[in-house]
Amino acid sequence: MARATRQTTDEIFDLRLNRSAPDLWPMLDTLYGQHPEYDSFRQALLKALRTSWDARPADLKHLDLKRDLEPDWFQRPDMAGYVFYIDRFAGTLKGILEKLDYLEDLGVTYVHLMPCLKPRPGDSDGGYSVMDYRAINPAYGTMEDFEEVATALRARGISLCIDLVLNHTAKEHAWAKKARKGDATYQDYYLMFDDPTVPQQYEQTLVEVFPDNAPGNFTHYPDFGKWVWTTFNEHQWDLNWANPQVFLEIVEIMLYLANRGVDVVRLDAVAFMWKRMGTRCQSEPEVHMILQALRACSRIAAPAVIHLEEAIVAPAEMLPYLGRGIHDGREGNLAYHNSLMVQFWSALATRDTALMTHVLATHFPERLNNATYATYIRCHDDIGWAVTDEDAAALHLSGPAHRAYLSDLYEGGFPGSFASGALFQVNEATGDKRISGSFASLAGLEKANGAEAVEMAVQRILLGHTLIAGFGGMPLIYMGDELAMLNDRSYLDQPDHAHDSRWIHRPKMDWSVAATRDQGDSPAARVFRGTRHILARRKAVPALHGALPVRVVSLGVPGLFAVRREAHTGVLLGLYNFTERWLDLPEATARAQGITQMHDALSDAPVAADGGVIALPPYARVWLT
Ligand code: GLC
């Protein structure tokens, strides 16, 4: 690439522009075509794309070409992600350079650095209240450090994901400050009202995201006489995406970060980006037009970059983030499989996989075009029990009662519960009680009293890690879960965190435990080695490629979850026992699914079927081929 002439790189840009123009302009025409300055906006956008391409470093242009040629790179079985807060994992950005061996040992090929751009001072919603998108949080280091880390990761074959918060900025962002001083141009970057009439009309149909500590969706600022749209916290001001200037600014920021070495942008809270009176103002059609247009901009000026869209919503609302209808293959490359996560916890609680099988078989397509799921069991956020009343009713359950049961069980109060967790944002109006807690604590390790209970907790964790590695998608391991770290209640002593129980599962990495991962049989060591094994085996199994169909099947064994992956080399049947009992699967049932070898690709060993029955131990997981 270093030798490529100026002319060839110009040609490449033009070719990519032509390729993606049909994805870009029709979206913008619809969104902004009526705007008086639409023509100059188009010119400015084109200029921004070209300028950013011109400034793109040669090694990244090389990566662009490589990924043009290997567009399935993020769907491959060798992809496995790890998600962490920089300070909690490694102190600073530079500190990450010393932890690369650890990441490689675990088998990670993707890291998501939790919010690392410059946040507002004080409570910043874990960094999701950004005051400067072009600067690194000074507590973590500098932009130079960031680029050094990006380069070091790339050299090890590890992709880098960071958050780009699209729905709001901190009220301390330069745009917000100017708006507050009365600058009309910048007031138009946000959603501001002179009196409460219109906000009250919107409130009729809006829901509250943080009902406990940030009720309502608007904040009144007497100092400049405006009501400002603040979906999340008071300090997070919603951007006005109906203003093309906001689109342009964000594209410039996105490409600036791409040119620093970012591979994956995690587009935060995208569902909320477009407002429409009389609706919940979530997942409106315009959101998908904006996201498709943003994707086209990356494909033109930084095609190595892919988009992870964060929308923690019901299945029917989530799938469009992976491109449905006119957006098929053109929108998010990755989106969180929230339903898989919720159903994992639900089935673990009930020891029954019927609801899980129903939801995952009914609402999700077998294939996605140019996209795959980000599969996970825990992340930095709470768990909301996104089980609809209709789905519950299909299994003769009451939706409200099932959701309340899950909250009680995972908070730990329900009789016989194995879990220890904490409530998050109890909503009196809807009865919703969301749950915080680390994987290990929710899975029973904290409460475990005796060797058998410890054993069950370890097996539950490995069941979850195998499920996200084998289901179909890119598994994301959340920092600390690979070492079975427990809830950390020290957040209660920190004024900026005490109101937010999500900090209970955002512990500091315990490097002394990590250091002994290859010795002894502690739960931490067993979970680490088990997880490492799972990721290593995933890499060795081509049938787990994300582009291959995912077919959730019912095998008629209550408590057993099964997912069929169909590769050219044959069928792989993922089997997951969600109970602490032995289950029997008739060999004939497996064979009827296309199983011929009776080999477990996870343990890489033959599977016995004595008397025509495959015996599955408590919490067994098998990748049967
Ligand atoms: C996303 C983040 C969450 C944050 C919210 C507001 O949902 O995951 O942590 O509170 O956006 O930015």
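Ligands are counted one by one from 1 in listed order, and the atoms in each one are counted from 1 as well. Here, residue 1 is the first one in the sequence, and each next residue gets the next number.
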Quiz item: With a 4.0 Å cut-off, would you call R378 and D481 a salt bridge?
Solution: no

Self-check item: Interatomic distance, F74 atom CZ to H307 atom NE2 [nearest 0.5 angstrom]
Solution: 11.5 Å

Quiz item: Is a salt bridge present between D223 and R180, judged by a nitrogen-to-oxygen distance below 4.0 Å?
Solution: yes

Exercise. Step through it carefully: locate the ring centre of Y221, locate the ring centre of W237, and say whether they are under 6.0 Å apart.
Key: yes

Exercise. Pick whichever of T231, D500, D268, V165 has a heavy atom sitting closest to atom 1 (C) of ligand 1.
Key: D268

Exercise. Answer yes if the side chains of D432 and Q425 hold a donor-acceptor pair under 3.5 Å, and no otherwise.
Key: no

Quiz item: Atoms of ligand 1 less than 4.0 Å from H380 heavy atoms?
Solution: 2 (C), 3 (C), 8 (O), 9 (O)

Quiz item: Between F210 and ligand 1, which residue portion shows a heavy-atom distance shorter than 4.0 Å: side chain, backbone, both, or neither?
Solution: side chain

Quiz item: Between D408 and K433, is there a salt bridge with N-O shorter than 4.0 Å?
Solution: yes

Quiz prompt | R266 and ligand 1 - part of the residue with a heavy-atom distance under 4.0 Å | solution = side chain

Quiz item: What is the closest protein heavy atom to atom 5 (C) of ligand 1, and at what distance does it sit?
Solution: F232 CE2, 3.7 Å

Practice problem: Among all protein heavy atoms, pick out the one at the shortest distance from atom 10 (O) of ligand 1; state its residue, atom name and that distance to 0.1 Å. | Solution: D125 OD2, 2.7 Å

Quiz prompt | Sub-4.0 Å atoms of ligand 1 with respect to non-hydrogen atoms of R502 | solution = 3 (C), 9 (O), 10 (O)

Quiz prompt | Residue H168 vicinity, atoms of ligand 1 by number, heavy atom under 4.0 Å | solution = 6 (C), 12 (O)

Quiz prompt | atom 7 (O) of ligand 1 [closest protein heavy-atom partner, distance rounded to 0.1 Å] | solution = E310 OE2, 2.8 Å

Exercise. Salt-bridge test for D500 and R502: reply yes if a basic N is under 4.0 Å from a carboxylate O, no otherwise.
Key: yes

Practice problem: Around atom 9 (O) of ligand 1, find the nearest protein heavy atom and jot down its residue, atom name and distance. | Solution: D381 OD1, 2.8 Å

